[in-house]
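Structure, as structure tokens:
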Amino acid sequence: MRILINGFGRIGRTLLRQLLRDPQHADVEIAAINDVAALDICAYLFQYDSVFGPYPGRVETGPQMLTIDGQPIPFTQSADLTVFDLSGIDVVLECTGAAGTRAVAERGLKAGAATVLISGPSEAADVTVVRGANEEAMGQARIVSNASCTTNAIAPLLRCVDARFGLQHGHITTIHCYTGSQPLVDSPRDSFARSRAGAISMVPTTTSAARQLTRILPAMEGRVSVSAVRVPAISVSAIDAVLQLTKPVELAALWDALKATGVIGLTEEPLVSVDLRGRPDSLVVAVPETERLGAQQLRLLGWYDNEWGFSARMIDIARQMAARAG
């Protein structure tokens, strides 16, 4: 699989770390990285990461080249991919956060790439896909959205629980770390609450997962609500879910069903958020925090590394997209 990373921000850099350090991705060729920022600052931010720590290898730069552990990766700087010849690129990993319109989202295709995978919600995508929830809906779509980190955490859980025990209704609160969309000091944003300093307050807000969920799992329409609170943590988020089921649930059967999804993990240890940093699961359910209220109501707490886990799923979906042509 030949890929191009377009946008070398939080997700772009996390993707590169996973692709370079995990032996299971040795078959992936990173054809190029494109970002409008200067190469030296991009290299510095890749090498020294405030969340994941220093990169455990050599990071060097040369003319239009980022070299990591001796592997040269061409580095280009254009706001418009159509200026390049991307023939032979299987998947453009579109990580700029700017692919909200079709005109921007399809630039990779116009440049000759086979497909584009967007690292977030996008109305411009042909389809939105979440592994463990609706990957069978991908078909031959050429522009695919990987949804959001929270949607990747919630959708596989709901599909699993509904299929095994029947879901009558439920409410989920995502307890989400702050992100670059929030200011460090009070500063105007498109929401009053999210205009406040993100690193010192808990901020009630909305989440795109509430809209995406019914797009991915239409059967959830009117059955599940989702809200959010942003909290002063730099990484790792959680969901707190209260679910009313139509069938009695035995916890042993629940654990087996969740593990069978392939993207949901379990922990029996009394962990805190920092302990989940770098976990590739879409969700890690905290067994000690699970409560069964009567026979048909569940309260679940699940952790997810909103950068590392999301990036792992993005690679999974990219592989699925590339495999269709094979």
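Heads up: numbering here begins at 1 and tracks the sequence. As the structure is a prediction and not an experimental result, all values here were calculated from the model.
Gln18 places a side-chain N or O within 3.5 Å of a backbone atom of Trp308 that can act as its donor or acceptor partner. Listed for the Arg159 side chain is a donor-acceptor partner under 3.5 Å among the backbone atoms of Ala133. Looking only at distances, a side-chain donor or acceptor of Asp186 sits under 3.5 Å from a matching main-chain atom of Ala197. No side-chain donor-acceptor contact under 3.5 Å links Asp240 to the backbone of Thr173. The backbone N or O of Pro54 sits nowhere less than 3.5 Å from a side-chain atom of Asp49 that would complete a donor-acceptor pair. Panel note: side chain Thr174, backbone Ala228; no donor-acceptor pair is recorded below 3.5 Å. Looking only at distances, no side-chain donor or acceptor of Thr128 sits under 3.5 Å from a matching main-chain atom of Ala147. Side-chain atoms of Gln77 come within 3.5 Å of backbone N or O of Ala37 as a donor-acceptor pair. Formation of a donor-acceptor pair under 3.5 Å by the Asp22 side chain with backbone atoms of His25 is not found in this model.
Look at Arg58 and Asp69 and you find no salt bridge, because none of the NZ, NE, NH1 or NH2 atoms lies under 4.0 Å from a carboxylate O. Using a cutoff of 4.0 Å between basic side-chain nitrogens and carboxylate oxygens, Glu289 and Arg299 are scored as salt-bridged. Ionic pairing of Asp256 and Arg164 is not present here: no N-O contact between side-chain nitrogen and carboxylate oxygen is shorter than 4.0 angstrom.
More than 12 heavy atoms of other residues, nucleotides or ligands shown are found within 6.0 angstrom of CD on Glu136. No more than 12 heavy atoms of other residues, nucleotides or ligands lie within 6.0 Å of CD in Gln64, so this atom counts as exposed by the packing criterion. Remark: Met202 CE is loosely packed, at most 12 non-hydrogen atoms of other residues, nucleotides or ligands lying under 6.0 Å away.
Residues Ser282 and Arg313 bring a donor and an acceptor atom of their side chains to less than 3.5 Å of each other. A donor-acceptor contact closer than 3.5 angstrom is absent between the side chains of Arg196 and Ser201.
Qualifying side chain to side chain donor-acceptor pair (under 3.5 Å) partners for Asp190, counting only residues two or more places apart in sequence or in other chains: none.
The shortest side-chain heavy-atom distance between Thr179 and Arg230 falls under the 4.5 Å cut-off. Leu258 places a side-chain heavy atom less than 4.5 Å from the side chain of Leu266.
Under the 30°/60° scheme for interplanar angles, the aromatic rings of Tyr304 and His176 are found to stand perpendicular.
Paired with Asn6 under the rule side-chain contact (heavy atoms from CB on, under 4.5 Å), one option of Leu86, Asn34, Asp35 passes, and it is Asn34.
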Note to self: salt bridge (Lys or Arg N to Asp or Glu O under 4.0 Å), that's the test. Do Asp126 and Arg102 meet it? Break it down for me.
What the structure shows: CA-CA 10 Å; Asp126 299 326; Arg102 188 74 182 189; 2.7 Å; yes

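Cation-pi geometry between Arg21 and Tyr55 is satisfied (NZ or CZ under 6.0 Å from the ring centre, within 45° of the ring normal). A cation-pi arrangement, defined by a distance under 6.0 Å to the six-membered ring centre and an angle within 45 degrees of its axis, is present between Arg17 and Phe46.
For the atom pair Ile5 CD1 and Leu66 CG, the distance stands at 9.5 Å (nearest 0.5 Å).
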